[in-house]
Amino acid sequence: MSLASVKAFFAEKAPDITVIETGQRTATVAEAAAALGLPPARIAKTLSLRRGDEVFLVVTRGDARLDNRKAREAFGGKVRMLAADEVEALTGHPVGGVCPFGLARPLQVYCDVSLQAFDDVAPAAGSIDSAVRISPARLAELTGARWVDVCQQAPEPQPA
């Protein structure tokens with residue numbers, strides 16, 4: 001159902017974007033990076049968060065970590081991650097396949113400014129073995145996302 005809802009989302013809103021079914025696990029940033037041949041930073045991970053009764057999604061670069069102080073300031077209070085059973089019930093996507101597309105119910109989406117370092121990123125596509133390639137600007141446009149700065153400073157690239 002979840003992969004189907006993401007495919008339906010793109011068929012309606014962005015038929016030029018193809019869902020990539022890898023045939024390999026992409027449930028973690030490391031697995032997705034390996035399956036897609038991308039650096040971990042370019043995997044767009046989707047965090048499912050709650051502040052009080054409000055549930056929302058934050059899409060960040062794969063190697064980013066949420067900064068609690070920045071998140072508290074941006075969202076007006078302390079945020080916490082949803083439990084795994086809540087994630088699937090509220091998004092329609094399994095943990096490891098959560099994305100801001102084809103959601104079971106409307107949720108506010110935020111994109112962290114860390115994504116803007118890249119021309120394109122690869123968020124999950126509703127299952128633990130799928131993804132899409134999309135520019136951060138288009139991701140935000142298609143999902144009605146608001147840009148926020150809620151992550152710690154991105155790590156410096158390591159010399160090869």
Q) Salt-bridged, Lys7 to Glu12, with N to O below 4.0 Å? A) no
(Q) Going by ring pair (Phe, Tyr, Trp, His ring centres under 6.0 Å), name the pairs with one or both residues in residues 127-153, residues two or more places apart or in two chains. (A) none
Q: Among Val19, Thr22, Leu3, find the one that has a side chain to side chain contact (heavy atoms under 4.5 Å, CB included) with Ser127.
A: Leu3
**Q.** Joint hydrophobic cluster, Phe118 plus Leu38, side-chain heavy atoms closer than 4.5 Å
**A.** no
Q.
Are Leu57 and Phe10 linked, directly or through intermediate hydrophobic residues, by side-chain heavy-atom contacts shorter than 4.5 Å (ILVMFWY only)?
A. yes
**Q.** Gap between atom NZ of Lys45 and atom CG of Asp63 - 0.5 Å precision
**A.** 7.5 Å
(Q) When you measure from the side chain of Thr26 to the backbone of Ser130, do you find a donor-acceptor pair of N or O atoms at a distance under 3.5 Å? (A) yes
Q) Does the pair Arg50/Glu54 count as a salt bridge with the N-to-O cut at 4.0 Å? A) no
Q.
Tell me the closest heavy-atom pair linking Cys99 and Gly126, and the distance in Å.
A. SG-N, 3.6 Å
Q) If you group Ile, Leu, Val, Met, Phe, Trp and Tyr by side-chain heavy-atom gaps below 4.5 Å, do Val132 and Ile20 land in one group? A) no
(Q) Enumerate the ring pair (Phe, Tyr, Trp, His ring centres under 6.0 Å) contacts for residues 14-53, please, sequence neighbours excluded, ordered by first and then second residue. (A) none
Q.
Could you check whether any side-chain heavy atom of Val55 comes within less than 4.5 Å of a side-chain heavy atom of Arg105, counting everything from C-beta outward?
A. yes
Q.
Please find the pair of heavy atoms, one from Ala44 and one from Val121, that lie closest to each other, and give the distance.
A. CB-CG2, 3.9 Å
**Q.** Closest non-hydrogen atom pair, Leu139 against Pro123
**A.** CD1-CG, 4.0 Å
(Q) With a 6.0 Å cut-off (strictly less than), is the heavy-atom count around CG of Asp85, excluding the residue itself, greater than 12? (A) yes
(Q) Restricting to salt bridge (Lys or Arg N to Asp or Glu O under 4.0 Å), what partner residues turn up for Arg72, sequence neighbours left out? (A) none
Q) Sequence neighbours excluded, which residues qualify as salt bridge (Lys or Arg N to Asp or Glu O under 4.0 Å) partners of Glu88? A) none
Q) Is there a side-chain contact between Cys111 and Pro136, using heavy atoms and a 4.5 Å cut-off? A) no
Q: Could you walk me through whether Asp67 and Cys151 pass the side chain to side chain contact (heavy atoms under 4.5 Å, CB included) test, one step at a time?
A: CA-CA 5 Å; Asp67 181 303; Cys151 287; 5.7 Å; no
Q.
With a 4.5 Å cut-off on side-chain heavy atoms, are Leu82 and Leu90 touching?
A. yes
Q) With sequence neighbours excluded, what pairs up with Asp149 under the salt bridge (Lys or Arg N to Asp or Glu O under 4.0 Å) test? A) Lys70
Q) Any idea which heavy atoms bring Ser5 and His93 closest together, and the distance? A) OG-CE1, 3.8 Å
Q | Close side-chain approach of Arg133 and Arg42, heavy atoms under 4.5 Å | A | yes
(Q) Please give the remaining members of the hydrophobic cluster of Val148, linking ILVMFWY side chains under 4.5 Å, ordered by chain and number. (A) Leu47, Leu49, Phe56, Val58, Leu66, Phe75, Val79, Met81, Tyr110, Val150
Q.
Less than 4.0 angstrom from a charged side-chain N to a carboxylate O is my criterion; do Arg25 and Asp129 meet it?
A. no
Q) Got Ser135 and Asp119 here, is their nearest side-chain heavy-atom distance under 4.5 Å? A) no
Q) Going from CD1 on Ile134 to CG on Leu142, what distance comes out if it is rounded to the nearest 0.5 angstrom? A) 5.0 Å
(Q) Please determine whether residues Phe101 and Leu36 belong to a single hydrophobic cluster, defined as Ile, Leu, Val, Met, Phe, Trp and Tyr linked transitively by side-chain heavy-atom distances below 4.5 Å. (A) no
Q) Looking at side-chain heavy atoms only, is the closest gap between Gln108 and Arg146 below 4.5 Å? A) yes
Q.
For a 4.5 angstrom cut-off between non-hydrogen side-chain atoms, does Thr60 reach Leu115?
A. no
**Q.** Joint hydrophobic cluster, Val95 plus Leu107, side-chain heavy atoms closer than 4.5 Å
**A.** yes
Q) Could you state the interatomic distance from CG (Leu103) to OG (Ser2), rounded to the nearest 0.5 Å? A) 8.5 Å
Q.
So if I apply the side chain to side chain donor-acceptor pair (under 3.5 Å) rule between Arg138 and each of Asp16, Asp120, Thr143, which one comes out positive?
A. Asp16
